[in-house]
Amino acid sequence: MKSKIHRARITQVDLDYEGSITIDRSLMEASDILPFERVEVLNVNNGARLSTYAIEGEANSGIIGINGAAARLVAKGDIVIILSYCQVPDGEAISITPSIVRVDRQNRIIEPLPMVPQWERIQKSVASRSDF
């Protein structure tokens with residue numbers, strides 16, 4: 001996982017648009033999601049999962065809009081998790097620190113979640129075991 005916007009609220013659905021998810025530009029920047037980057041959208045309300053690409057919405061607008069056919073999988077007000085991924089060699093993967101952004105009910109940034117790189121978690125986990 002490269003990026004995550006945690007528990008954003010859908011503010012609009014547009015079935016007639018050609019596709020994608022519109023995300024407030026400020027949220028995209030904070031979570032390191034690029035325009036036209038592939039994202040996964042997980043609907044907390046109904047369990048639907050969809051794959052699409054991100055497009056920039058107006059900064060600080062709080063917009064999270066599902067467009068096109070995917071609009072049938074969400075309703076305005078649904079809570080979603082937006083994820084992006086990257087592929088890197090194993091040597092780099094162990095030290096990746098994802099960008100995670102939590103938002104409030106209006107999709108304003110609460111705080112980025114501090115993440116501990118994978119390798120540090122593994123070291124702490126192994127060190128805490130008494131059987132090693």
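Residues: numbered from 1 along the sequence shown.
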In this structure, would Phe36 and Tyr85 fall into the same cluster of hydrophobic residues linked by side-chain contacts under 4.5 Å?
no

With rounding to the nearest 0.5 angstrom, report the CZ to CD1 distance, Arg25 to Ile55.
13.5 Å

Is it the case that one hydrophobic cluster holds both Met1 and Ile81, taking links as side-chain heavy atoms less than 4.5 Å apart, direct or via other members?
yes

Between the CZ atom in Arg7 and the CG atom in Leu42, the distance rounded to the nearest 0.5 Å is 12.0 Å

Honestly curious: do Ile10 and Leu15 fall in one hydrophobic cluster under the side-chain, below-4.5 Å linking rule?
no

Under a 3.5 Å threshold, yes or no: a donor from one side chain and an acceptor from the other, between Asp14 and Asn67?
no

Flag yes if Val41 and Ile63 sit in one hydrophobic cluster, no otherwise; membership is Ile, Leu, Val, Met, Phe, Trp, Tyr, and two members link when side-chain heavy atoms are under 4.5 Å apart.
no

Looking only at atom types and distance, does a side-chain atom of Asp24 sit under 3.5 Å from a main-chain N or O of Gly62, one as donor and one as acceptor?
yes

Of all the heavy-atom pairs spanning Ser20 and Tyr53, show the shortest one and how long it is.
CB-O, 3.2 Å

How about Gln87: does its CD atom have over 12 heavy atoms from other parts shown lying under 6.0 Å from it?
no

Apply side chain to side chain contact (heavy atoms under 4.5 Å, CB included) to Asp78 and Val44, showing your working.
CA-CA 7 Å; Asp78 280 359; Val44 173; over 6 Å; no

Of all the heavy-atom pairs spanning Ala8 and Val103, show the shortest one and how long it is.
CA-CG2, 3.6 Å

Separation between CG of Leu50 and CG of Leu73, rounded to the nearest 0.5 Å
5.5 Å

Minimum heavy-atom distance between Thr22 and Gly57, given as atom pair plus value:
CG2-CA, 3.6 Å

Under a plain distance cut-off of 3.5 Å, with no hydrogens placed, do Asn107 and Thr11 share a side-chain donor-acceptor pair?
no

Could you tell me the separation between the CG atom of Asp32 and the OG atom of Ser84, rounded to the nearest 0.5 Å?
7.0 Å

Donor + acceptor pair across side chains of Ser51, Arg38 (<3.5 Å):
yes

Hey, are Ser26 and Asn60 close enough side-chain-wise for a donor-acceptor pair under 3.5 Å?
yes

Between Ser3 and Ser31, a side-chain donor and acceptor under 3.5 Å:
no

If you draw a 6.0 Å radius around CZ in Arg9, do more than 12 non-hydrogen atoms from other residues or ligands fall strictly inside?
yes

Ile21 side, atom CD1; Ile5 side, atom CD1 - distance, nearest 0.5 Å:
7.5 Å

How many angstroms lie between atom CD1 of Ile66 and atom CD1 of Ile82, to the nearest 0.5 angstrom?
7.0 Å

Note, Ile109 side chain near Arg102 side chain (heavy atom, < 4.5 Å)
no

Given side chains that start at C-beta, do those of Lys2 and Glu37 come closer than 4.5 Å, heavy atoms only?
yes

If Ile, Leu, Val, Met, Phe, Trp and Tyr residues are connected whenever their side-chain heavy atoms lie under 4.5 Å apart, and connections chain through other members, are Val13 and Ile64 in the same group?
yes

Which heavy-atom pair separates Val80 from Asn43 by the least distance, and what is that distance?
CG1-CA, 4.0 Å

When you measure from the side chain of Asp104 to the backbone of Arg108, do you find a donor-acceptor pair of N or O atoms at a distance under 3.5 Å?
yes

